[in-house]
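Note sheet for the following structure.
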Amino acid sequence: MELLNYLGIGFSVALQPVNLFYCFVGVFIGTLVGVLPGIGPVGAMSLLLPTTFKATPEAAIIMLAGIYYGAMYGGSTTSILVNIPGEAASVVTCLDGYQMAQQGRAGPALGIAAFGSFIAGTLSILGLMLLAPPLSKFALRFGPPEYFTLMVLGLTILIYLAHGSMSKALVMAAFGIILGLVGLDSINARPRFTFGKMELIDGVGLVPVVMGLFGVSEVLLNIEQVVRRNVLKTRVKGLLPTVKDWRDSTGPIARGSLLGFFLGILPGGGAVISSFISYAVEKRISKHPERFGTGAIEGVAGPESANNAATGGAFIPLMTLGIPPNVIMAMLLGAFMIHGVTPGPLMMKQNPGIFWGVIVSMYIGNIMLLILNLPLITIWVQVLKVPYKILFPLILLFCLIGVYSVNNVVFDIYIMLIFGIMGYLMKKFGYEGAPLVLAFVLGPLMENNLRKSLIISQGDFSIFFVRPLAAASLILALFLLISPLIPGLGKKRKVIPKEEVL
Amino acid sequence: MEKRMKRGILLWVIAIIFGFSAVPAVAADFPVKPVTFIVPWAPGGATDVSLRVLAETTSKYLGQPVVAENKAGGGGTVGPATMVATAKPDGYMVSQIPITVFRYPYMMKATWDPLKDFTYIIHLTGYTFGVVVRKDAPWKTWDEFVAYAKSNPGKVTYATPGAGTSLHVTMEMFARKHGIKWIQVPMKGTAESVAAVLGGHVVAAADASGWAPQVDAGELRLLVTWGNQRTKKYPNVPTLKELGYGIVSNSPFGIAGVKGTDPKIVKTLHDAFKKGMEDPAYQKILEKFDMEPFYKNSEDYAKYVKELCEEEKENMEKMGLKKD
Amino acid sequence: MKKRDIISSLFWMAMGIGICSGGYGLDLGTLHDPGSGFMFFWVGIIMIGLSLGIFIRAMKETAVAGELKILWTGIRWKKVVSILVALLLYAYVFVPLGFILSTILLLIFLFKAVEPQRWSWAILGAIISTLAAYGVFHLWLRSPLPKGFLGIG
């Protein structure tokens, strides 16, 4: 009953007109920056942080949180429509979402992304409310060895990510790891593979890489085809998911929500990793894994739910321990502090109004987002009716300005173009981009935690086997690796020869 | 054709609606546009939060927004190094200068020279460093902790915000002096360090006052602080100095632009930042993190930098970290 | 895929060797304290192994005549090259010319390049899209786009 009490406090805070207004502003801006490539929630939040100084702490945090989960909603839009992932978390959405759009099913894809996000967002807030304290204790049990093994587990899902040759996918993964490690060594600040370039000191940016690999290369591939794009003039079939779509998506949404929520609690790329894992899980248990990559709605519903559920999970370490698990939460921590509130173990007791007010506002914000996003779908699908000869310069402009606006350096434009060319050639030579992106995200975390683990254990590798959570991850990874080989245990991976796809 | 027009017009309308917030640049003198303030750390720590507040309070007096921008990495040197490589001496880009800027050039080949590449504007404050352990750790005092480390070489692991930071350097200097072997685990910031101690993955953490919330909540125990005197917030916790170890470490820091900035512009910036420093909002946030204001004007700061560089050079030589 | 796989596997092999030697030069460290090059070196080794695998399998495949040519025939690869060159040029003049001017020029080219439209449409479309992007990103989101020698913005 205590919970009802707290909920009462929460609603009395969140329903104040002023807070409702800030909530709406937050989710609105979030949707916008989510759709725009490049400028992500971090940029928008640091831009708007000063404007919140005069507001009450509740209003400020409600708005900033709104930007964060709002951006996750919007992130899938460009992936589905034009194959431009605005951020790493929506790379997986490109795989099937863009295919759906090509078949005239952009509406259902966007629709299931919105509904999935809404359901996952709501579920993860419920989880945040009910499970925050015990889960925060659990999250602390993840130290360097646990992270390292979790990253290994993350990499094994490549098996389910790749369509074509497995060894090619692994080469891409290896390259992705290396790419992620370029820049200053996170341990001793030594420049690595920077080739004397000042711009590489900070590493290769994720946004230029994914936008080049997916967005730019897709434009190049479309332009060289004389006929291919005209096929797209196929009618846009339906704006909302059909009953069958819903039947196919219920399971993925539920599983994606769970995965996202739990992985979101852990520091690092919770949203990214959970979206990849969700995709892998759906493909693994699907009766028709060969449909994945050709426009399977499960491949959109699962990952989109996962990356939205991760936003709820990410609040747990911040609100209960005062430990931000990612950059955005760190910014929120800053916002709390500026307003004189210290997130951490004492926050629930000292500032129940803010704690519960923010949580309840997220419910309301999710409803607002659904109402905001559904009508937008009708507008978005219009984009696909624009003739390609007019659309493609705008797509390129979108990529160029988006990439530039992240760090304001021209160097990033070059990086994007290089990866655009690379993505174009990769398609010709039968390589895929998704494994590279996954490894790119995981690589630095993997290296950092491997080295930290070995420093802690003084070079003893048994640290990865004696700790139960670490060992569990390794066993699961091993199982995933060998299960396709054991008859009866798993379905054999179906390799689609690339020639047929081309 | 029509569709494109419609789309174009739609975008144009959006642009106009949102364009109203643009700031027209009319004033003749400096500053006529926003000043970028590089914060060379990941968002969220004590430095980031306090500097964001300072940017905000200073904006009031400068007449143009001061926009904080995070450029983290390399123990706080990537930001200043990037500024040196890219900024014009027009005063529109300044950066926090953490002590690592003076230290790294003596440890390795660096792309900047602290004595030549910067125009120092104003000195701000220093950190409160301290060592924390988990609440259920057996050591109640720093001396007990040190005694344990001494008799168990290689058993004590401690987290720092990075190799080569003052936290790392000071802990190793201490170890050298007292015949201790403990193991540094370099983390990326306070958040990671605190989580690692709470989860029992490392024994202790040496870090700036970002541990305060957990110490207040009783989850962590603060064994010692490294300042000149005890902190206001934790008057019961002794300092290294009073325990007789003769070490004071607080990594003082200030703000600088690139070399060759017009003295008039430097003065304008200095005056605005000084007023921003005196603003109660900034004072309050310093108090929260237990940081003491430590003001120096542009000239004194430049002199101070020379001293600091000498000091760092000596320290690095003493520790055998100096590059050949 | 025979020839393609041979080419690509040799490329990755060279890359792997480069990464390995670079990693070796960066100091491998010890198992107690792995150095900066540790991960590079081992991932490089894995890369060499994998590309060797692709290479060997490709050698066993039977060759298809004209396999490489097929990749580039019947498609408008010249358009792709011209657009890439335009984009590279754009990046090159982006700062000196400034966002507005360079973007208008690029868009006019792109509108005319693939399936030429009328000049009036191309120019008008380029100007409108550029200004719209400028409004959203520069005026509203305050992204500092370069002004160029004209000092517009």
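Proteins come first, then strands; the chains are lettered A, B, ... in the order of their sequence lines, and each starts at number 1. All of these numbers come straight from a predicted model, not from anything done at the bench.
Proximity to chain C is limited to the side chain of A/Val410, based on heavy atoms less than 4.5 angstrom apart. At a 4.5 Å heavy-atom cutoff, A/Ile456 makes no contact with chain C through either its backbone or its side chain. Contacts between A/Phe411 and chain C at a heavy-atom distance below 4.5 Å are absent for every atom of the residue. For A/Ile177, the part lying under 4.5 angstrom from a heavy atom of chain C is the side chain only. The part of A/Leu397 that comes within reach of chain C is its side chain, from C-beta onward, which places non-hydrogen atoms under 4.5 angstrom from that chain. Both the backbone and the side chain of C/Ile19 come within less than 4.5 Å of a heavy atom of chain A. Heavy-atom distances place the side chain of A/Met172, and not its backbone, under 4.5 Å from chain C.
With hydrogens and angles left out, the side-chain atoms of C/Arg57 and C/Ser9 include no donor and acceptor closer than 3.5 Å. Side-chain atoms of C/Thr103 and C/Tyr134 include no donor-acceptor pair closer than 3.5 Å. In this structure, a donor-acceptor pair under 3.5 Å is absent between the side chains of A/Glu218 and A/Tyr424.
Heavy-atom pairs under 4.5 Å with chain C were tallied for A/Phe392, A/Phe461, A/Phe193; the largest tally goes to A/Phe193. The greatest number of non-hydrogen atom pairs below 4.5 Å with chain A, out of C/Phe40, C/Phe109, C/Tyr92, C/Trp77, is found for C/Phe40. Each of C/Ile7, C/Val43, C/Leu26 has some count of heavy-atom pairs under 4.5 Å with chain A, and the biggest count is that of C/Leu26. If you tally non-hydrogen atom pairs under 4.5 Å between each of A/Leu220, A/Ile421, A/Val219 and chain C, the highest count goes to A/Leu220. Contact count versus chain A (heavy atoms, under 4.5 Å) is highest, among C/Thr30, C/Asp27, C/Ile46, C/Leu88, for C/Leu88. Of the listed residues (A/Val171, A/Ile413, A/Ile29), the greatest number of heavy-atom pairs within a distance under 4.5 Å of chain C belongs to A/Val171.
Using cut-offs of 30° and 60° for the angle between ring planes, the A/Tyr404 and C/Phe94 rings count as perpendicular. C/Phe38 and C/Trp42 have perpendicular rings, their planes meeting at more than 60° on a 0 to 90° scale where under 30° would count as parallel.
Ion pairing between A/Glu447 and A/Arg192 holds under the 4.0 Å rule for side-chain N and carboxylate O.
The shortest side-chain heavy-atom distance between A/Met426 and A/Leu213 falls under the 4.5 Å cut-off.
A donor-acceptor contact shorter than 3.5 Å links the side chain of C/Lys2 to the backbone of C/Met59.
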